[in-house]
Amino acid sequence: MKSRTSIGVRPERAHAGQGLLRRSRCAVALLCLLIMVRPGFVRAESFLGLEPLQTLSSVRQRFPSAKLDAEHPPWLKDNQYYCMLDADGADGMVALLFEHDDEKRKQKLADLQKSLPSTVNHADNPQAKSLNLLIRQQREALARPLQDRLALVRIRWIPDKPQRLAMLQAKYGKPDAIEIKSGAPGPIFVWQRGVHAYLTPDRRLVKMIEFWFTEDDLAEVFLQR
């Protein structure tokens with residue numbers, strides 16, 4: 001039986017590659033366990049039927065008549081873009097915030113390449129084959145068009161007419177938290193279902209609603225991919 005050294009695999013790199021694969025498998029297993037045992041699985045409120053981490057290309061297919069130009073103003077993070085959505089069923093203005101994970105993927109790709117065993121024939125090395133598969137997946141993901149890399153993370157709705165707070169409370173119940181932010185006209189009611197309502201100072205009307213996808217939503221999408 002050939003040793004790792006005899007087939008050209010440096011032991012320290014072999015151990016690093018195995019560790020990286022092992023950590024990836026452990027992370028997925030831990031995520032599954034956390035979702036199964038979490039006492040209060042919280043799914044975000046859906047708006048216009050949009051799904052967590054839905055790609056911009058998918059949203060464009062859902063709303064073919066909408067313009068949906070991806071814009072990147074200077075106040076957003078480097079990986080963030082937003083689109084304005086004019087859709088039936090939503091009076092007022094709807095802004096969609098998208099993010100890509102290019103930098104994380106590039107770092108993941110670099111880590112995988114460093115862990116790749118320096119063997120002449122990767123086809124004879126199961127570890128190298130697994131790492132090469134992961135490397136190819138990262139490269140393919142980075143090569144996709146921008147609209148396929150941008151994932152939906154937040155929806156902001158500013159209705160033409162402010163909504164009555166009583167209607168939201170009848171639907172969602174008592175807010176889980178109340179926040180005060182500089183620049184906001186009034187308090188912000190927060191529900192764990194990912195709903196943030198920006199109120200008027202008298203707390204009677206809602207001027208803007210943000211729909212954030214919860215950690216449980218994102219974890220569920222991750223496991224389905």
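Heads up: numbering here begins at 1 and tracks the sequence. Below, each value reflects all heavy atoms present in this structure, side chains not excepted, and no hydrogens, waters or symmetry copies.
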Atom of [X], atom of [Y] and distance for their closest heavy-atom approach:
X	Y	answer
Met84	Leu68	O-CD2, 3.8 Å
Ile188	Ala184	CD1-CB, 4.5 Å
Pro187	Thr200	CD-O, 3.9 Å
Pro159	Val206	CG-O, 4.4 Å
Phe98	Gln54	CE2-O, 3.7 Å
Leu150	Ala70	CD1-CB, 4.3 Å

Those residues at least two apart in sequence (or on a different chain) that pass ring pair (Phe, Tyr, Trp, His ring centres under 6.0 Å) with Tyr198 are none
Between [Y] and [X], is there a side-chain heavy-atom distance shorter than 4.5 Å?
X	Y	result
Leu205	Leu199	no
Leu53	Leu152	no
Leu168	Phe189	no
Tyr82	Leu76	yes
Arg156	Val94	no
Val190	Pro175	no

So how far is it from [X] [atom1] to [Y] [atom2], rounded to the nearest 0.5 Å?
X	Y	atom1	atom2	answer
Asp78	Asp102	CG	CG	11.0 Å
Lys171	Trp191	NZ	CH2	11.0 Å
Leu56	Cys83	CG	SG	4.5 Å
Leu85	Met93	CG	CE	11.5 Å
Gln147	Gln61	CD	CD	8.0 Å
Leu165	Arg203	CG	CZ	9.5 Å

Can you tell me if [X] uses its side chain to pair, donor with acceptor, with the backbone of [Y] under 3.5 Å?
X	Y	result
Arg60	Lys67	no
Glu99	Leu97	no
Ser115	Asp111	yes
Asn79	His100	yes

Take Lys181 and Glu179 through the test side-chain contact (heavy atoms from CB on, under 4.5 Å) and record every step on the way to the result. CA-CA 6 Å; Lys181 289 185 178 180; Glu179 299 178 354; 3.4 Å; yes
Under the side chain to side chain donor-acceptor pair (under 3.5 Å) test, residues paired with Glu51 that sit two or more places apart: none
Decide side-chain contact (heavy atoms from CB on, under 4.5 Å) for Met208 and Glu210; before the verdict, give the C-alpha distance in whole Å, the side-chain angles of both, and the deciding distance to 0.1 Å. CA-CA 7 Å; Met208 181 174 72; Glu210 288 185 340; 4.2 Å; yes
For residues 135-145, dump all side-chain donor-acceptor pairs below 3.5 Å to protein atoms at least two apart in sequence or in another chain.
unit_1 : atom_1 : unit_2 : atom_2 : d
Gln138 : OE1    : Arg105 : NH1    : 3.2

Using side chain to side chain donor-acceptor pair (under 3.5 Å), reason through Asp148 and Ser57 one step at a time and then give a plain yes or no. CA-CA 6 Å; Asp148 293 327; Ser57 60; 2.6 Å; yes
Do Phe211 and Trp157 have ring centroids that are under 6.0 Å from one another? no
Show, in sequence, the C-alpha distance, side-chain angles and deciding distance for Phe63 and Asp86, and conclude whether the side-chain contact (heavy atoms from CB on, under 4.5 Å) test is met. CA-CA 9 Å; Phe63 302 99; Asp86 183 10; over 6 Å; no
